[in-house]
Amino acid sequence: MRFAVLVSGSGTNLQALLDAEGRGELAPARLVVVVSNRPDVRALDRARAAGKPAITVDHKAFAGREAFERALLAELAIHGVEAVVLAGFMRVLTATFIGAFPQRIVNTHPALLPAFPGTDAAGQALAHGVKLTGMSVHFVDAGVDTGPIIAQRAVRVLPGDDAAALQRRIQAEEHRVLPRVVQALAAGRITCEGRRVLIAPAGASLDDADELL
Ligand code: GAR
């Protein structure tokens, strides 16, 4: 499964995928291109350092969402991309883009969805006063962080946490889980029945069957 990673910033989740691939843990998934909607972000340096094509498709250079996505789809087509991983990609994708990769777009989000969608999820969790938050990897649909959930891990909120400290601990979980989800997707072990995500052939959800991840 040839996949792209879409990024907008620092790219620590991208780095986790690159490291996992380097250890031979992603096969049959193969990271073939990294695309950022913002120029000069750290994620692009990480991609280049790993010898991956690193491309900017700057959303500000396009008249609207549709034109931006057409350019994005053209780059992905050039690289023969079959699946897309959103790793800190901070643009909402339209149904047109999503329809090009049915059940082949996953996103990592730093909260236990459906709680705290959108931006600054760690800040939202602190402001709400929850004791547990976490991370979710989910299929992308046309909503904001609303697609079927593939895997989740909880992270405790500690006294004295600020958003940055909490976000760091959440990200440590993302770095563990996201590569395993990508491998499972590539291996054809993930299927979706309505909103319930299952692994074939055992039929266990990823969270029930850690060993399958
Ligand atoms: C990650 O924590 C990811 O979950 C979050 O942005 C961070 C990017 O970090 N995404 C969202 O909040 C999307 N709603 P990274 O660039 O270091 O991987």
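Whatever order the structure lists them in is the order used to number ligands and atoms, beginning at 1. Quick caveat, the model's predicted, so the values are computed rather than measured.
For Glu173 and Arg176, the salt-bridge test passes: some basic side-chain N is under 4.0 Å from an acidic carboxylate O. Using a cut-off of 4.0 Å between Lys/Arg side-chain N and Asp/Glu carboxylate O, Arg42 and Asp45 are scored as not salt-bridged. Remark: Arg169 does not engage Glu174 in a salt bridge, criterion side-chain N to carboxylate O under 4.0 Å.
Residue pairs meeting the side chain to side chain donor-acceptor pair (under 3.5 Å) criterion with at least one partner in residues 79-99, sequence neighbours excluded, are His59-Arg91, Glu69-Thr94.
Listed by chain and number, residues touching ligand 1 at under 4.0 Å (heavy atoms only) are Ser10, Gly11, Thr12, Asn13, Gly88, Met90, Thr108, His109, Pro110, Gly118, Asp145, Gln167, Gln171, Glu174.
Residues Leu166 and Ala125 come closest through the heavy atom pair CD2-CB, 4.4 Å.
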Salt bridge (charged side-chain N to carboxylate O under 4.0 Å, His left out) for Glu21 and Lys52? Distances and angles first, verdict last. CA-CA 12 Å; Glu21 187 171 49; Lys52 302 289 183 185; 2.8 Å; yes
